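Working notes for the structure below.
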Amino acid sequence: EPAGRRIINSGVLETLDMGMLQVHERREVVLYLRNDSKRNFNYRMQMLVGANRKPKPIGSFEKPPYIALSNPHGVAAHHEETPIELKYAPRDAHMLDGSILQ
């Protein structure tokens with residue numbers, strides 16, 4: 001079960017396991033986007049589901065993939081950590097296996 005501080009870095013592939021959930025159960029994790037560069041940079045979180053598909057913005061929390069983000073896009077200030085809260089609450093039988101958040 002994910003918990004605590006989870007640091008992510010731009011351009012680095014990270015694995016995030018949300019664990020097993022029951023329908024209508026909710027799991028939340030806070031990711032911190034680290035910017036160790038000398039400048040601010042813009043970021044945008046998108047979802048890639050399946051091979052050979054284009055990334056899409058995170059859509060409605062009410063339909064698959066049942067994910068909501070607190071800061072799906074913005075500016076990561078230099079030498080700072082930007083918090084991004086990720087919530088997953090499946091409304092019916094659903095799996096995130098193979099889904100990529102970028």
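Nothing here was measured: the structure is a model prediction, and the numbers come from that model.
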Joint hydrophobic cluster, V30 plus I7, side-chain heavy atoms closer than 4.5 Å: yes
Hey, any chance F41 and I84 share a hydrophobic cluster, counting ILVMFWY side chains that come within less than 4.5 Å of each other, even indirectly? yes
How many angstroms lie between [atom1] in [X] and [atom2] in [Y], if you round to the nearest 0.5 Å?
{"X": "H79", "Y": "K38", "atom1": "NE2", "atom2": "NZ", "value": "8.0 Å"}
{"X": "N9", "Y": "L33", "atom1": "CG", "atom2": "CG", "value": "7.5 Å"}
{"X": "M45", "Y": "I8", "atom1": "CE", "atom2": "CD1", "value": "4.5 Å"}

Is there a side-chain contact (heavy atoms from CB on, under 4.5 Å) between V29 and Y88? Walk through the geometry before answering. CA-CA 9 Å; V29 64; Y88 176 56; over 6 Å; no
Shortest non-hydrogen contact between [X] and [Y], atoms and distance:
{"X": "S70", "Y": "P83", "value": "OG-O, 4.4 Å"}
{"X": "P55", "Y": "Q46", "value": "CB-OE1, 3.4 Å"}
{"X": "E85", "Y": "E28", "value": "OE2-OE1, 3.6 Å"}

Where the side chain of N42 meets the backbone of V75, is there a donor-acceptor pair that is under 3.5 Å apart? no
Please examine the side chains of R91 and H24, heavy atoms only from C-beta on, and report whether any two atoms are closer than 4.5 Å. yes
Could you tell me whether the side chain of N35 reaches within less than 4.5 Å of the side chain of Y43, counting heavy atoms only? no
